[in-house]
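For reference, the structure discussed in these notes is given below.
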Protein chains: 2
Amino acid sequence: MTPVNAIALPPKICIGSRAQANSACTNCNLRGLCVPAGLSSEELEHLDTLVTTRRTVHRGETLFRRGDRFASIYAVRSGFFKTTISSEDGRDQVTGFQMTGELLGLDGIGDSSHNCDAVALEDSAVCVIPFARLEGLAHEFAGLQREFHRVMSREIVRDHGVMLLLSGMSAEERLAAFLVNLARRLEARGFSSSSFVLRMTRAEIGAYLGLKLETVSRTFSKLQNDGILDVRQREVHIVDPIALSRLVSDDAA
Amino acid sequence: MTPVNAIALPPKICIGSRAQANSACTNCNLRGLCVPAGLSSEELEHLDTLVTTRRTVHRGETLFRRGDRFASIYAVRSGFFKTTISSEDGRDQVTGFQMTGELLGLDGIGDSSHNCDAVALEDSAVCVIPFARLEGLAHEFAGLQREFHRVMSREIVRDHGVMLLLSGMSAEERLAAFLVNLARRLEARGFSSSSFVLRMTRAEIGAYLGLKLETVSRTFSKLQNDGILDVRQREVHIVDPIALSRLVSDDAA
DNA sequence: CGCTGTTTTGAGCGTCCTCAAGAGTAGTGG
DNA sequence: CCACTACTCTTGAGGACGCTCAAAACAGCG
């Protein structure tokens with residue numbers, strides 16, 4: 001009913017091929033976002049032979065948990081996930097939010113068991129990529145190998161960015177950085193970069209940004225009062241994108 | 001002169017082979033710590049053909065800078081490094097401290113240019129590992145490929161741990177976690193886990209842990225008053241290792 | 001021995017957290 | 001259909017932890 005419905009996040013990405021058809025990647029309209037981004041068409045066809053199974057994960061369910069045996073990585077086909085790690089004393093840290101085309105499970109390779117929980121924040125579907133077979137294929141096709149290395153490296157760079165954010169930024173800067181990042185990723189997927197619906201709670205945003213949920217809420221309110229955002233619950237409209245970006249690391253004006 | 005000299009960090013790791021000899025990895029006594037950890041002796045020999053050049057980096061010099069073209073990764077042979085990223089407004093974040101056997105430069109793969117500065121905290125030496133050739137070799141030898149994936153994955157897991165630390169822990173917990181981690185890594189290298197010399201300043205520890213240097217200093221003093229540490233400048237003696245580990249995520253007693 | 005950079009310690013302040021209450025929203029079942 | 005429950009979000013008041021500013025002790029090096 002609200003006008004924002006029109007710009008809701010995931011309008012059920014329509015798939016070019018049936019789930020069973022073995023042209024999983026070749027015809028997938030996420031090609032440009034997912035692993036296949038840098039591959040030749042020949043390599044792509046080989047990737048197709050790999051990605052034969054899909055899996056749906058309903059809202060609130062886990063795709064995998066910490067300690068699960070690692071066998072596959074996953075590409076988000078539709079929906080939205082969070083990954084979390086938790087310390088012994090119960091606090092937990094959201095290590096990332098994954099949207100369409102992004103990978104889950106890379107942290108499981110190191111010791112062959114998953115090191116975080118992956119939870120669907122809405123009904124989602126993933127492509128299952130058996131890791132042994134991916135390695136086998138990467139072994140044959142240098143392009144795929146290289147692309148996979150790139151993906152892992154970018155994940156490391158991303159994590160370093162989050163470290164910078166957690167280390168030195170104010171609540172306002174953190175939330176601004178979070179929203180700018182989200183907007184950019186949504187835009188890359190063909191959605192509006194100025195209006196969207198958050199898929200996560202204030203508490204989950206806080207667990208990602210190193211803030212308490214009350215602080216997240218207060219900061220949203222402040223950005224609204226400053227005329228930068230228009231926030232109604234999870235619906236976010238970025239009124240002044242320039243001011244928002246200026247907030248990200250820019251106190252030393 | 002001080003008794004702690006005896007337990008100083010790097011007693012110039014003695015190398016089993018000459019720098020030029022092409023048995024770089026096979027005879028290296030860092031075998032168990034470095035990339036070769038999981039490799040067969042045949043694969044090791046091939047690795048030798050790869051690691052032909054070394055490079056020395058004097059204290060304060062950079063091994064590479066952000067923006068430098070990425071061509072190689074580096075394994076620390078002796079010495080000690082920090083890697084840093086800096087935000088536009090000048091604050092910088094230490095993303096890691098690397099000691100003997102650890103890798104530098106993995107964050108450069110993603111977009112073929114380095115994404116951080118790597119600075120030697122003391123006179124150091126590294127093995128240069130040309131990345132294109134590493135990929136070529138990994139392409140041939142599945143074991144090497146797999147081992148490399150493991151190394152990258154572990155780096156991601158490590159970063160997630162740091163995110164947890166930066167996100168939710170108190171200054172005392174952060175410093176305790178830092179020292180416990182350092183002690184464990186030193187022990188793995190045959191050094192004392194209870195007495196060592198820090199290679200970095202309070203400011204650098206702070207830039208890693210998301211604290212100001214004054215806070216790092218104060219926290220050291222507090223741990224000393226509590227009888228957990230004995231600190232004299234950069235010389236650290238862990239008096240009560242159990243109490244120190246208890247500090248790491250253990251407030252919910 | 002003076003210079004420079006690092007470390008320690010103090011006092012006051014600000015940001016974010018804690019505790020708490022109330023409003024808004026969604027899903028369920030009578 | 002609406003009441004009921006559970007969850008999420010907002011807002012307030014007070015307090016704690018770490019930051020800022022500042023000065024002095026200490027160590028290393030020419």
Output one line per pair: protein atom, nucleotide atom from nucleotides 11-16 of chain C, and distance, for all N/O pairs under 3.5 Å.
from, atom 1, to, atom 2, distance (Å)
C:dC16, OP1, A:A171, N, 2.6

Spacing of A:R199 atom CZ relative to C:dA26 atom P, expressed in whole Å
13 Å
Heavy-atom donor-acceptor pair, B:S192 side chain to B:S195 backbone, under 3.5 Å:
yes
Distance test, side-chain N/O of A:S217 to OP1/OP2 of D:dT11, below 4.0 Å
no
With nearest nucleotides of DNA chain D determined for A:S167 and A:E214 from heavy-atom distances, which residue corresponds to the more 5′ nucleotide?
A:E214
Let me know the distance between CG of A:L223 and P of D:dC9, rounded to the nearest Å.
16 Å
Exam field: side chain B:D68 to backbone B:H114, donor-acceptor pair closer than 3.5 Å:
no
Taken to the nearest whole Å, CZ/A:R234 to P/C:dT25 is 13 Å
Rounded interatomic separation in angstrom, taking CZ from A:R232 and C1' from C:dA23
16 Å
Measure from CZ on B:R202 to P on C:dG5 and round the result to the nearest Å.
18 Å
Would you say the ring centers of A:Y208 and A:F97 fall short of 6.0 Å from each other?
yes
B:Y74 and B:F64: aromatic ring centres closer than 6.0 Å?
yes
Between B:L213 and A:F220, the residue closer to the 5' end of DNA chain D by nearest nucleotide is A:F220
Check for a donor-acceptor pair, side chain of A:R91 on one end and backbone N or O of B:G168 on the other, with a separation under 3.5 Å.
yes
Under 4.0 Å between any heavy atoms, over every strand shown, what does B:T201 touch: base, sugar-phosphate, or nothing? Just pick one.
sugar-phosphate
A:E122 CD - C:dG27 C1' separation (whole Å):
18 Å
Any donor and acceptor pair, going by atom type alone, linking the side chain of B:T219 with main-chain N or O of B:T215 inside 3.5 Å?
yes
Between N or O atoms, less than 3.5 Å apart, protein on one side and nucleotides 23-30 of chain D on the other: list the pairs.
none

Check whether A:R189 reaches the backbone of A:T100 with its side chain - one donor and one acceptor, N or O, closer than 3.5 Å.
yes
Looking at B:R184 and B:E187, is any side-chain nitrogen of the basic one under 4.0 Å from a carboxylate oxygen of the acidic one?
no
Quick one: are A:C116 and A:R66 in side-chain contact, heavy atoms under 4.5 Å?
no
Tell me the interatomic distance from A:N225, atom CG, to D:dT10, atom P, rounded to whole angstroms.
12 Å
To the nearest Å, give me how far apart CE (B:M200) and C1' (C:dG5) are.
18 Å
